[in-house]
Amino acid sequence: MKIQTLVLIAGLCALAACERSGETQGKARTITVKGSDTMVDLGARWSQVYMHHNPAVTVQITGGGSGTGIKALIDGQTDICQASRPMTDKEKDFARARWKKEVVETPVALDGLAVFVNEQNPINELSLAQLEGVYRGKINDWKELGGSPGPIIRYGRNTSSGTHIYFKEHVLKNKEFATDVQALAGTAAVINGISQDIHGIGYGGIGYAKGVKAVRVRESADAPAYDPSIENVISGKYPISRKLYFYTLGEPQGDIRSFIDWVLSDEGQKVCEQVGYYPLPKRSA
Amino acid sequence: MRTGRLLSSPEEERLTRPSPFARRAARGSIADVLAAWTIKICATLAIASLVLIFVFIGREALPILTSEELHEEVDVPRLFLPQPGEEGGSEFAWRPVSTPPRFSILPLFVGTLKATLIALLIAIPLAVGAAIFTSEFAPSLAREIIKPSIEILAGIPSVVIGFFVLMVLAGWLQSVFGWTFRLNAVTAGVGLSLAVIPIVYTVSEDALSSVPQTYREGSIAMGATRWQTAWRIALPAASPGILAACVLGFGRAVGETMIVLMASGNAAVLSFAPTDSILTFSAAIASELGDAVHGGAHYHVLFFIGAFLFVLTFVTNLAGQWWVTRLGRKLRGELVYVPTMPSPHVATGPGDA
């Protein structure tokens, strides 16, 4: 009996030792899209409308954060990665080393990275320098920003979020967040937190603003403050706007190509506005 | 006990040897053999999965101890000792995605301990109190209702509990106590206690029910009140089981992920104040493993944390088991110290020859 038990265990170990081989890309009629939580609603709406027009294709959208999507692309577990931040050179090197293909970046929408405060907060405008001070832990009380006295409770995203990385690079100039920034799982959780906390401040994609207000942001102390409306984001006046991307390994083929082309078409771009994001500026004919 | 063959003559051997038919019947029918094999496979799979999980985690965590290449970014001292901070001075910081990354485990360890301790401080008195009530004082109809109700609490998915705490309880607690941070160790602890109470209750209640009724009857016959009986007789008699329940509760609280992920704020703050946000081991692994590049330093550190958690729970369970067994033996009187007495001197008095 002992020999048989040992053989059984050895068989299971052998199974566990097998490496999982990556999925082949662009085959079958299912397209997997994985990544940014900022873009997950947008991706879901795109996939709904696209599948309505093309019933033979299934488009599967998963969130998890831009970092998770990029890692899935590098590991070959998704066809398209949706990201709210650009891929770093290191990540592109990983992908190139593994698959011998260049990563292709396709901007698909625009987003104004909004800064949210509770609706009852008297503050309506902030400068980038003030934002940096708040999130680095240098400014800790609302009265330093011109509001009523109270501690500033910082809400943010966790490290797999492209929004988190983008905010760190562009607002904090790559310096560290304060240690007490609450890392929540998605922009919706950030919004929920701020709507219940009058001392809260948070950041996230403009598409999620419900029950909170987005402050106007000025680039420096003497520049005019702009709110993240569509005109300000497209014209670049709003200082923290960003592109939202689709990444694929190599040029997209077949069904993936058709999906991405549709997303970039007029019809796909109109869907952006329905979800609360902004379409890419139209190329002049 | 030595088994030996009784001496018998060859004649007796031949007559008493089982016939081929009897031997075949003793081996069992095909169905029996099949059933036996299925059960063996199930048992082997259960044990093997446990072993394989530990092997997998250990294999991914091992480079922290052995790989020279990894030691440039992170090694065991850097996990536990203070490191130079961003603006001078030394600090314990968990910043896995900065340049350069900081991997101090201490904020996570303190955070996990805070949440677990708060959860146990709330859950154990409530659960053991409920167990004493339902087994000692409640009329049997009440017991029939209360016991299943608390056990249903065990069936609530932890994500639902976490959601409830995040949406309802955290705001309410903050409006009552006026804390700075809405999501902190206390809210996470309260959520965890909701998950721990049913486990501690069920096992404690079983332990209290299995105290022989004769103990209680004897105590009441001696003139004790019901409360005295419950507190001084039944509870100590059931203490091995109640202790085992507490150890199980600790294991559940330490490993619970979803509740802390939603209700604790996930900020790796090193402080002993319960009203500060925390990042626990399980929440760190859950939120960061998704984007840790396979084979990088962050990836191996997260697996190291997983192995650490595994070993911590394992050691606590072992210690609990040991203590429970020892307590059981003490209660049964097996650990009594009996001094050897000198043999009595039998005096031979005058008159005995």
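Keep in mind that this is a model prediction, so the values were computed, not measured. Every chain is numbered from 1 and lettered A, B, ... according to where its sequence line falls, protein lines coming before strand lines.
For chain A, the nearby part of B:A48 is the side chain; its heavy atoms alone come within less than 4.5 Å. Contact of B:S287 with chain A is made through backbone and side chain together, with heavy-atom distances under 4.5 Å. For B:A93, no part lies near chain A; criterion is any non-hydrogen pair under 4.5 Å. Within the 4.5 angstrom heavy-atom criterion, only backbone atoms of B:L289 (N, CA, C, O) approach chain A. Using a 4.5 Å cut-off between heavy atoms, A:Y155 contacts chain B through its side chain alone, with no backbone atom that close. In this structure, chain B has a heavy atom under 4.5 Å from the side chain of A:N158, while its backbone stays farther away.
Chain B forms more heavy-atom pairs under 4.5 Å with one residue of A:A189, A:G200, A:G193, A:A72 than with any other, namely A:G193. Between chain A and the options B:V55, B:L261, B:V269, heavy-atom pairs under 4.5 Å are most frequent for B:V269. Ranking B:P96, B:A267, B:P107, B:S175 against chain A, the residue ahead of the rest is B:A267, based on heavy-atom pairs under 4.5 Å.
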B:S277/A:Q182 under side chain to side chain donor-acceptor pair (under 3.5 Å): CA gap, chis, key distance, verdict:
CA-CA 7 Å; B:S277 304; A:Q182 318 243 316; 2.4 Å; yes
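The side-chain heavy atoms of B:V165 and B:V190, taken from C-beta on, include no pair separated by under 4.5 Å. Under the 4.5 Å side-chain criterion, counting only non-hydrogen atoms from C-beta, A:Q82 is not in contact with A:L73. Counting only heavy atoms from C-beta outward, the side chains of A:N140 and A:R154 approach each other to under 4.5 Å.
In this structure, A:S66 contributes its side chain and A:S161 its backbone to no donor-acceptor pair below 3.5 Å.
Classified by interplanar angle (parallel below 30°, tilted 30° to 60°, perpendicular above 60°), the ring pair B:F310/B:F54 is parallel. Aromatic ring orientation, B:F303 versus B:F56: perpendicular (interplanar angle above 60°, classes split at 30° and 60°).
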